[in-house]
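Here's the structure we're looking at; comments come further down.
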Amino acid sequence: MRYQRRDVNTWLELFERQEQSGLSAVVFCRQHQINIQTFYARRSDIRLQRTSNKFVHVKREVTTFESRVDDDSQSLSLEYAASTLRLPANVSPQWLANLMMALNE
């Protein structure tokens with residue numbers, strides 16, 4: 001059996017056709033007489049090539065928070081921009097950490 005050499009664009013078209021077909025890669029390759037191991041290897045190689053040469057510029061934003069404990073009400077106030085969050089001074093540190101993680105998502 002003679003092997004067909006395919007260029008990157010041909011492989012990209014095959015990957016797209018397989019996705020659009022709704023068939024699994026195994027069934028698609030069987031129907032098109034493509035070695036499944038070659039299909040997976042080329043897909044992995046091409047994805048790696050396409051992502052390894054790209055840089056993402058990340059801009060870090062510095063945010064400041066102000067907090068204080070009000071002695072008269074024994075509460076913790078967290079202020080950010082026009083928002084204020086008041087919590088009891090005895091709030092669990094674990095609960096506060098979970099709240100902060102949830103707000104950060």
Side-chain angles (χ1 to χ4, degrees):
M1 176 180 223
R2 185 179 162 112
Y3 294 102
Q4 181 180 0
R5 292 209 53 63
R6 295 177 174 94
D7 64 5
V8 172
N9 289 331
T10 303
W11 279 112
L12 290 172
E13 290 172 13
L14 284 169
F15 302 147
E16 183 68 25
R17 285 176 44 202
Q18 182 269 320
E19 286 181 19
Q20 290 179 353
S21 73
L23 300 172
S24 69
V26 173
V27 173
F28 180 85
C29 288
R30 190 176 300 136
Q31 286 181 357
H32 292 86
Q33 298 177 339
I34 300 170
N35 181 295
I36 187 64
Q37 293 170 330
T38 303
F39 182 87
Y40 284 137
R42 294 295 80 75
R43 188 171 68 179
S44 178
D45 291 346
I46 291 170
R47 283 181 180 168
L48 185 61
Q49 288 173 1
R50 294 181 136 215
T51 59
S52 65
N53 294 331
K54 295 183 180 180
F55 290 94
V56 176
H57 179 73
V58 177
K59 182 178 179 182
R60 183 174 173 210
E61 183 178 318
V62 177
T63 306
T64 58
F65 292 92
E66 180 182 327
S67 65
R68 69 177 181 276
V69 175
D70 295 329
D71 290 332
D72 55 342
S73 64
Q74 290 298 306
S75 66
L76 174 67
S77 298
L78 301 173
E79 297 175 3
Y80 175 70
S83 301
T84 301
L85 175 64
R86 288 189 191 1
L87 301 168
N90 63 350
V91 67
S92 159
Q94 183 61 44
W95 182 89
L96 186 54
N98 289 337
L99 173 66
M100 293 174 71
M101 285 189 288
L103 292 173
N104 199 30
E105 292 179 350

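A 4.5 Å side-chain heavy-atom check between H32 and Q18 finds every atom pair outside the cut-off. Between I34 and W11, some side-chain heavy-atom pair lies under the 4.5 Å cut-off. Side chains of T10 and L12 form no contact here, defined as non-hydrogen atoms less than 4.5 Å apart.
Sorted by first then second residue, the salt bridge (charged side-chain N to carboxylate O under 4.0 Å, His left out) pairs that include residues 33-44, not counting sequence neighbours, are R42-D45. Contacts classified as side chain to side chain donor-acceptor pair (under 3.5 Å) and involving residues 19-31 (residues at least two apart or in different chains) are given here: E16-Q20.
A tilted orientation is assigned to the rings of F28 and F39, their planes being inclined by 30° to 60°.
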Taking distance alone, no hydrogens or angles, what donor-acceptor pairs closer than 3.5 Å link side-chain atoms of residues 90-99 to residues at least two apart or in another chain?
unit_1 : atom_1 : unit_2 : atom_2 : d
S92    : OG     : Q94    : N      : 3.2
S92    : OG     : W95    : N      : 3.3
Q94    : NE2    : N98    : OD1    : 3.2
N98    : ND2    : Q94    : O      : 3.4

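Closest non-hydrogen pair, I36 versus C29, comes out as CD1-SG, 3.7 Å.
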